[in-house]
Number of protein chains: 4
Amino acid sequence: MTPKKEKIIYEASLLIHSLGYTNTKLSDILTSSGIGKGQFYHYFTSKQDLADAVVEYLIGTMKHDIFEEVLDQPTAPKLRLNQMLDKLCAMQFENQAQSGCALGNLAIEISEHEPVLRDKISSFFKQWEEKIQRALDELQQHGELDKKVDTAKYSRAMIAMIEGAILLMKNKQDIQVLYDITDVIRNEYNLNEE
Amino acid sequence: MTPKKEKIIYEASLLIHSLGYTNTKLSDILTSSGIGKGQFYHYFTSKQDLADAVVEYLIGTMKHDIFEEVLDQPTAPKLRLNQMLDKLCAMQFENQAQSGCALGNLAIEISEHEPVLRDKISSFFKQWEEKIQRALDELQQHGELDKKVDTAKYSRAMIAMIEGAILLMKNKQDIQVLYDITDVIRNEYNLNEE
Amino acid sequence: MTPKKEKIIYEASLLIHSLGYTNTKLSDILTSSGIGKGQFYHYFTSKQDLADAVVEYLIGTMKHDIFEEVLDQPTAPKLRLNQMLDKLCAMQFENQAQSGCALGNLAIEISEHEPVLRDKISSFFKQWEEKIQRALDELQQHGELDKKVDTAKYSRAMIAMIEGAILLMKNKQDIQVLYDITDVIRNEYNLNEE
Amino acid sequence: MTPKKEKIIYEASLLIHSLGYTNTKLSDILTSSGIGKGQFYHYFTSKQDLADAVVEYLIGTMKHDIFEEVLDQPTAPKLRLNQMLDKLCAMQFENQAQSGCALGNLAIEISEHEPVLRDKISSFFKQWEEKIQRALDELQQHGELDKKVDTAKYSRAMIAMIEGAILLMKNKQDIQVLYDITDVIRNEYNLNEE
DNA sequence: TATGAATGAGCTTTCATTCAT
DNA sequence: CATGAATGAAAGCTCATTCAT
C-alpha cells in the first residue's frame, strides 16, 4: 500500500463519513487527494473498490482505537467499558457531533443492497459484541452485574444504545444527546460507582 | 391534496425507505407512480420538495401508528410501552428486516446537510421522547420504576436502543437482532408482566 | 419511430459507415444529429442499442435497394443480376470509393465479438445468397449457365467477389477496382451477351 | 530489432487480428508482452508507430508464407495456385474461422483515414496480384485457361473472391464458407486436376 | 392537466501518453 | 533499459429539471 493510496483512502473516508458513499463524488475525492482522474483508477478499479478499502480502513481504525487500545487491554472490565464510552464520546466531540458513526452511516446506506460491504461491517459489529460480552461476563463473575442477564443480548443492546445515541445526536447535531445516553448506559450496566 | 399526489408521495416513501433519498431516482418514482415527468413537476417543485412531503408523510404515519394508536391511549403505561415495541417489531417483520427505520435512515442521510428536513425529524423524535417520558413518569409514580432515574434521559435512551437495534438488525438483515434488543428493553424498564 | 430517432440512426449510419462503430463517438453523432446527450439516451439505451438500430437500418436499405427494387422483380434473371451489379457500383461511386460496404465493414469489425449483430448481418447475407441463387437457377433452366455448377455455392461466391472487390476498392480508394471485378463477374456468370 | 521488440509486435499482431486496431488497448499489449509502459515507449513512439510495425510484420508473414513458400516457387502454376488456396484455408482453419484476414480487416478499418498504412497494404495486394497474374499467364500459355481472359483483372478477381470469402466466413464464423468458395475458385480457374 | 421530448451539467470510467526514478 | 506513477482529454452515461404541445 503506497502512501498515495493510503492518502486517497483517508481523504475518501472523511468525505464518505460526512456525505455518505453515493453523495461523495469522485471529483471531491480527487480534489481532496490532490490527484488526477487517471491516477485514481491506477490505484482502484472503481469507486466501489475504493468503498471496500474505505470500509476496511474505517473498521481498522475502530479496531485499533476501541479494541486494541481499550477492550483488549488486561484492565478491569468496568474500566474498559468506561474508557470505551469515553473514547466514543471523544470521537464524536472532535467531529462536533456532525457526521455520526462512519460505520453506522454506511451500514444504513448500503446494508440492503451491497452484501459484501454489509458483511464486512456486520463482522465488525459481531467482534465488538464479543469483546463487550467478555467484559460483561467478567463483571458478572465479580458480582457487579445481575446474575440473570444474558450477556450476549446485553452486549448487543449496549452497541444498539451507542449507535442509536449517535444517530439521535447526529439528527440533533448536539453532542449532549450522546452524553445523556452514555450516562444511562453507565447507570444500567453499573459502570459508575467507586 | 389530490389522490395522485398522495400516490406519488406514498410510492416515493417506499423507494426512499429502501434506497435512500439520493439513490432514489425521479425516474423510479415516475415508474412506480405511473405518471409522466411533467405531471410530477405539476405537483412538486423539485425532488427536494417531494422529500419534504415524504418526510411529513413518514412522520404522519409514525404519529398515527405509534402515538395515536398506542402512546396517546388512556391505557396503562406498561401496556402502552409494550404495545409500542410490539408494533415496531411488527413493522420491521413486515419489511423482512430489510430497510430499517425510514426516518432513522433519513436522519442519518440528511441530518448534517439538510437543516429543514433534519428539524422535522428531530421534532418528531422529541415528541416521541416526551410521550415515552410520560409513560415512564407514570410507571415511576406507580413504583414500577426506580425512583432515581431521570425519565427524560431514559426515554431518549429507549429510543436510542430502538433505533440502534433497527440499525444492527438492518446490517445483519435479521429480525432476531431487534427481538433480542427489545427483550433487553423490556427487562430494563420492567415491562414484563408479573 | 419518431423522425428524430430516424434522423439519429441515419446520421449514425453515415458516421459508422465511414469511421466504423468504435471510432464513431457519441459526440460525433450528437453533433451530426443536432441533439444533446440526454436526448440520445431518451431514444437509445446505449451506444450498442444504436448500433443495433443502425444495422437494421443498413440491412433495410440494402433490402429495399437490392432486393425489392431489383432481385425480387419479375424480370429476366440476367437483367436482375446486371442491375444488381450496376446498383452496387453506383452506390460505391456515389461514396467515391471511400468507405466501402457498410455491412461488410461492420461484419469484419464485430463478427468475432458481437454475436447479436453478427447474426443479423449473417441473416442478411443468407437472404442475398438465396435471391442470387434463384436467379442462377433460372439462368440454368434457360441453358444460360453451365448445368453442373452448384448454384448455392456460386451465389455465395458471387457475393464473396462483390464484398472482396469492395474491400480491395476501398483499400485502393479507387472505384476502378470494383468495375474491373464486376466485369469478371459478368464474364464468369454469362451476364454479358445480347 | 531486439527480440523484445519483436515480441511486442507479435503479441500486438495477434490482438489486432482479433480485436482490430482501435479496440486493441495498449494495456492489452503490455499485458500480453509482459512489459511496462515505459518499455513500450522506448521501442515505439506511439500506438500508431506500433501499428506500422504490425502491418509490416503481417505483410512480411504473408509474403513469406504465400509468396516465398508458394507463388515464387518454380513449380507448375496450377500447383502454385492450389497450394496458395490450401495454405490460406489452413491459416483460417487454425484460427477456427474467428478473426478473418488480418490484413483485410486492417484494410477495412483504416483505408479511408490512414493513408500510410493503406498504401502499405495496397502495395502488398498489388504484389499478390502480380504473382497470381504470372501464374495465370503461364496457365494461358499452356492452354489451360481461356485465351481471351484478362489475367490482370482475373488475378485481382481471385483475390477479391478470397478476401470476400474470408469476410463471409468470419461473419458466419464457419470455415465451410471458405471451403465452398475456394471450390468455386478452383472450378473457375481450372485448377482441378484432370 | 398531462405527456414525454429536450437540455446540459456532471457523473464514473478509459486510455494514450509523459515523466520521475 | 526498465518501471509504473501521474496526467488529462475525452469517452459513455445519468439524471434533475425545463419546455413545447
Side-chain angles (χ1 to χ4, degrees), chain A residues 2-5 7-8 21-30 33-51, chain B residues 2-5 8 21-31 33-51, chain C residues 2-5 7-8 21-30 33-51, chain D residues 2-5 8 21-31 33-51:
Chain A
T2 68
K4 199 85 170 199
K5 186 166 184 179
K7 162 97 165 145
I8 298 170
Y21 171 66
T22 304
N23 280 321
T24 297
K25 306 306 178 188
L26 229 26
S27 54
D28 300 332
I29 295 166
L30 302 182
S33 311
I35 58 165
K37 284 215 155 104
Q39 190 59 2
F40 177 85
Y41 286 93
H42 180 68
Y43 290 113
F44 301 95
T45 63
S46 65
K47 194 187 165 192
Q48 255 298 341
D49 184 33
L50 170 67
Chain B
T2 68
K4 195 129 234 170
K5 185 166 183 180
I8 298 170
Y21 171 66
T22 304
N23 282 321
T24 297
K25 308 309 175 194
L26 228 30
S27 55
D28 301 333
I29 294 166
L30 301 182
T31 305
S33 311
I35 58 162
K37 284 224 158 98
Q39 186 76 331
F40 177 85
Y41 283 94
H42 173 71
Y43 290 117
F44 301 95
T45 65
S46 65
K47 193 187 167 190
Q48 256 297 344
D49 185 33
L50 170 67
Chain C
T2 68
K4 199 87 171 199
K5 185 166 185 180
K7 162 98 164 144
I8 297 171
Y21 171 66
T22 303
N23 280 320
T24 298
K25 307 307 177 186
L26 227 30
S27 56
D28 300 333
I29 296 165
L30 302 182
S33 310
I35 58 164
K37 281 216 158 102
Q39 191 59 2
F40 177 85
Y41 286 94
H42 181 68
Y43 290 114
F44 302 95
T45 62
S46 65
K47 194 187 164 193
Q48 256 298 341
D49 184 34
L50 170 67
Chain D
T2 68
K4 194 128 235 171
K5 185 167 184 179
I8 297 170
Y21 170 65
T22 304
N23 282 321
T24 298
K25 308 309 174 194
L26 229 30
S27 56
D28 300 334
I29 295 166
L30 301 182
T31 304
S33 310
I35 58 164
K37 285 226 158 96
Q39 186 76 330
F40 177 85
Y41 283 94
H42 173 71
Y43 289 117
F44 302 96
T45 64
S46 65
K47 192 188 169 191
Q48 256 297 344
D49 186 33
L50 170 67

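Chain letters run A, B, ... following the sequence lines, proteins first, then strands; residues in each count from 1.
Position along DNA chain F of the nearest nucleotide to D:F40 versus B:T22 favours D:F40 as the more 5'-ward residue. If you find the closest nucleotide of DNA chain F to A:K4 and to D:G36, the one lying nearer the 5' end belongs to D:G36. Nearer to the 5' terminus of DNA chain E, by closest-nucleotide assignment, is the contact made by C:G38 (compared with the other of C:G38 and A:Y41).
Rounded to whole Å, atom P of F:dC13 lies 12 Å from atom NZ of C:K25. Here the C1' atom of nucleotide F:dT7 and the NZ atom of D:K37 are 11 Å apart, to the nearest Å. E:dA20 atom C1' lies 17 Å from atom NE2 of D:H42, rounded to whole Å. We find that CG of B:L30 is positioned 14 Å from P of E:dA2, with the value rounded to whole Å. The distance from atom NZ of D:K47 to atom P of E:dT18 is 15 Å, rounded to the nearest whole Å. Atom NZ of A:K5 and atom P of F:dG4 are 14 Å apart (whole Å). Atom-to-atom, CG of B:N23 to P of E:dT12 comes out at 12 Å; the value is rounded to the nearest Å. In this structure, D:L26 atom CG and F:dA10 atom C1' are separated by 17 Å, rounded to whole Å.
Considering only heavy atoms from C-beta on, A:Y43 stays 4.5 Å or farther from A:I35 through its side chain.
F:dC15: Watson-Crick or G-U partner is E:dG8, with both key distances under 3.5 Å. Base pairing of F:dT21 is made with E:dA2, judged by Watson-Crick or G-U wobble geometry with both donor-acceptor distances under 3.5 Å.
Among the atoms of the strands shown, none is found under 4.0 Å from any heavy atom of C:T2. Residue D:F44 is out of contact with every strand shown, counting any heavy-atom pair closer than 4.0 Å.
Distance noted for atom C1' between E:dT1 and F:dT21: 13 Å (whole Å).
To the nearest 0.5 Å, atom CZ of residue B:F40 and atom NZ of residue B:K47 are 9.0 Å apart. Separating the CG atom in D:L50 from the OH atom in D:Y21 is a distance of 7.5 Å, to the nearest 0.5 Å. Going from atom NE2 of D:H42 over to atom OG1 of D:T2 covers 7.5 Å, rounded to the nearest 0.5 Å. Atom CG of A:D28 sits about 9.5 Å away from atom CG of A:N23, to the nearest 0.5 Å.
At E:dG4, none of the side-chain N or O atoms of C:Y43 fall inside 4.0 Å of OP1 or OP2 (strictly under the cut-off). At the phosphate of F:dA11, OP1 or OP2 sits under 4.0 Å from a side-chain N or O atom of C:S27.
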